[in-house]
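To find a chain, count down the sequence lines: A is the first, B the second, and so on, and within it residues start at 1. For clarity, every value in this text was computed on a predicted model and none was experimentally measured.
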Number of protein chains: 2
Amino acid sequence: MSQMQNVEKQLREMILGLEIGPGERLTERWIESRFGASRTPVRAALLRLETDGLVCRDGRGWTVSPINLAEIEQIAVYREAVEVAAIKLTCALEDRSAVDVVEAMLDSCDAGTPREEWHRVGMDFHIELARLSGNEFLFRAVRDAMTRLSRARWLEVRDEAALGRAWAEHRAILAAVRAGDADEAAHRLSAHIIGSRDRLVTSLHNDRRGLRARGFAVVAA
Amino acid sequence: MSQMQNVEKQLREMILGLEIGPGERLTERWIESRFGASRTPVRAALLRLETDGLVCRDGRGWTVSPINLAEIEQIAVYREAVEVAAIKLTCALEDRSAVDVVEAMLDSCDAGTPREEWHRVGMDFHIELARLSGNEFLFRAVRDAMTRLSRARWLEVRDEAALGRAWAEHRAILAAVRAGDADEAAHRLSAHIIGSRDRLVTSLHNDRRGLRARGFAVVAA
DNA sequence: GATACCAACTTGGTATCCCAAAATGGTATC
DNA sequence: GATACCATTTTGGGATACCAAGTTGGTATC
């Protein structure tokens, strides 16, 4: 694996894992020494992460992108459009047996599953569901949206009941897809996404002081 | 303007203007000497253009992305989803007077307008229309889709009647938006996009031998 | 004439060096 | 004590040198 991929992967994990907080300044030299690579691959990695929205320019320098509530709301609208389009395509397929693979992902989480895993599977559900459509651009759009939402979703305060509800919604969506009921699937998916958005924005809004106290930059809507 | 932006801009224009043909190999050293910049900004520019889908990796090297008919079909589905979502948002706005600005773009083209201008305005119409939604991600998605379609649309064989029909469809879409009729606007926009896709794919499919003879790589659907 | 093999060149990946601009910190002045 | 100013350091942008891997072209052998 090239140095550029190496730096990009590790830096991405540190940012998504909140090891580097939203709003923190980054210097190319710090990354260079941190990962033992020279500035050329570091700069390439930063350019990649910039297009993913994980880092952004701050004047001349680099900053880990802050949590932006307005952006989160807009992304929800965006992903609703593309996920609904994707699920309609999937419902129109003759062979929809691939939903079983997605259902198995949901099954892999139970009471003993660590929170990180619930978080990861909760995003991969949407990503893999979009992949089933066979449309590369809808798939990429969902993956990109989930990446941008990842940190915010991790910071969301969710009790077990909320997780259970989300999983039930996921299963209902899959059931509709399996039945080939595009309208039902689209409606449930749409409601799920908008509901998730509202809970997410509300949670972050209520917690914004605590988040800022932890050093996380949170931009209001 | 930085060297990186300079190289990116010029290289983008050369690719979109088909001065460098789809499928052509690129070397960092050629770009370096062509634009008088060193490899550092050249590499940064290539990474940018790669995320825009204008260049792609070919093993170890770089290639101007070929025209890909399957990709064009998928992008049409993608842009239909996002453009329809955007126009519905716009129709729901109280103040939709900004459509006048978009309408003025259409008015700027007449019989004496060069073909490049029709081409540019034909894309900007969709981009600016999406911008009116106020959703940054829907807007970016449309802009990105149009960038990826730009070369194919330029190669499309379109007579004056077809252009006139497209403009009429554009105006009908704007009229529906101005009236706040979301369903009508969405329906007309959707039909316009799918119709455009069909004509585009058909045209390129029929012309693929001629295009290949001009040295343009065309990947079949 | 076909093919196996080797040297020279090309090319992307990386490290490193230089530079200008911006940030920083200390000092002198009021 | 506050502030204006200047020297120093830091930082990103760019240029260049080096390397390894891959390609190419030619040659010698069969």
Side-chain angles (χ1 to χ4, degrees), chain A residues 1-16 19-66 68 212 215-217 219, chain B residues 1-16 19-66 68 212 215-217 219:
Chain A
M1 182 186 280
S2 72
Q3 286 285 59
M4 177 265 183
Q5 291 170 309
N6 192 28
V7 172
E8 186 195 339
K9 183 170 179 290
Q10 294 193 57
L11 195 53
R12 162 176 272 119
E13 282 171 6
M14 285 187 75
I15 293 171
L16 289 178
E19 293 171 56
I20 320 179
E24 259 182 67
R25 296 290 290 272
L26 288 174
T27 67
E28 296 181 356
R29 259 106 178 170
W30 178 84
I31 301 168
E32 184 182 15
S33 65
R34 177 70 176 69
F35 299 112
S38 74
R39 285 179 64 206
T40 309
V42 165
R43 298 189 55 180
L46 283 169
L47 284 174
R48 279 288 171 81
L49 295 172
E50 187 190 17
T51 68
D52 287 341
L54 296 184
V55 303
C56 54
R57 306 215 90 109
D58 175 35
R60 210 169 54 122
W62 298 95
T63 301
V64 177
S65 298
N68 185 326
R212 288 195 180 119
F216 295 163
V219 178
Chain B
M1 182 187 280
S2 72
Q3 286 286 59
M4 177 267 182
Q5 292 169 308
N6 193 28
V7 172
E8 186 196 340
K9 183 169 179 291
Q10 293 193 57
L11 196 51
R12 163 176 272 116
E13 283 172 4
M14 285 188 75
I15 293 171
L16 289 177
E19 293 171 57
I20 321 179
E24 258 182 68
R25 298 288 289 272
L26 288 173
T27 68
E28 297 182 356
R29 260 113 179 164
W30 179 83
I31 301 169
E32 183 181 16
S33 65
R34 177 70 177 71
F35 299 112
S38 76
R39 286 179 63 204
T40 308
V42 166
R43 289 179 56 93
L46 283 170
L47 286 172
R48 280 287 170 81
L49 295 173
E50 186 190 16
T51 68
D52 286 341
L54 296 184
V55 303
C56 54
R57 305 212 89 108
D58 175 36
R60 208 169 55 119
W62 299 94
T63 301
V64 177
S65 299
N68 185 326
R212 287 192 180 120
F216 295 165
V219 178

For the [atom1] atom of [X] and the [atom2] atom of [Y], what is their distance to the nearest 0.5 Å?
{"X": "A:Met4", "Y": "A:Leu46", "atom1": "CE", "atom2": "CG", "result": "10.0 Å"}
{"X": "A:Gln10", "Y": "A:Gln5", "atom1": "CD", "atom2": "CD", "result": "12.5 Å"}
{"X": "A:Arg57", "Y": "A:Glu50", "atom1": "CZ", "atom2": "CD", "result": "5.5 Å"}
{"X": "A:Phe35", "Y": "A:Leu11", "atom1": "CZ", "atom2": "CG", "result": "5.0 Å"}
{"X": "B:Leu54", "Y": "B:Met14", "atom1": "CG", "atom2": "CE", "result": "13.5 Å"}

So, does [X] get its side chain near the phosphate of [N], meaning an N or O under 4.0 Å from OP1 or OP2?
{"X": "A:Arg43", "N": "D:dG13", "result": "yes"}
{"X": "B:Gln5", "N": "D:dG13", "result": "no"}
{"X": "B:Ser38", "N": "D:dA15", "result": "yes"}

Task: Nucleotide nearest B:Thr40 when distance is taken to its side chain, options D:dC18, C:dC18, D:dT16 - done: D:dT16
- [ ] Could you please name the option among C:dA20, D:dG14, C:dT11 that lies closest to any side-chain atom of A:Arg60?
- [x] C:dA20
Categorize [X] for me: base, sugar-phosphate, or nothing, with a 4.0 angstrom heavy-atom threshold over every strand shown.
{"X": "B:Thr27", "result": "sugar-phosphate"}
{"X": "A:Arg57", "result": "sugar-phosphate"}
{"X": "A:Ala37", "result": "sugar-phosphate"}
{"X": "B:Leu46", "result": "nothing"}

Open item on the list: Both A:Arg25 and A:Ser2 contact DNA chain C. Which one's nearest nucleotide lies toward the 5' end?
Closed with: A:Ser2
In whole angstrom, what separates [X]'s [atom1] from [N]'s [atom2]?
{"X": "B:Arg29", "N": "C:dT11", "atom1": "CZ", "atom2": "C1'", "answer": "6 Å"}
{"X": "A:Glu28", "N": "C:dA15", "atom1": "CD", "atom2": "C1'", "answer": "14 Å"}
{"X": "A:Glu32", "N": "C:dT14", "atom1": "CD", "atom2": "P", "answer": "13 Å"}
{"X": "A:Gln3", "N": "C:dT16", "atom1": "CD", "atom2": "P", "answer": "11 Å"}
{"X": "A:Met1", "N": "D:dA21", "atom1": "CE", "atom2": "P", "answer": "18 Å"}
{"X": "A:Asn6", "N": "C:dA15", "atom1": "CG", "atom2": "P", "answer": "11 Å"}
{"X": "B:Phe35", "N": "D:dA15", "atom1": "CZ", "atom2": "P", "answer": "14 Å"}

Task: Base D:dG14 to side chain B:Arg39, donor-acceptor N/O within 3.5 Å cut-off - done: no
TODO: Give none if D:dT27 has no partner; otherwise give the nucleotide forming a Watson-Crick or G-U wobble pair with it, both distances under 3.5 Å.
DONE: C:dA4
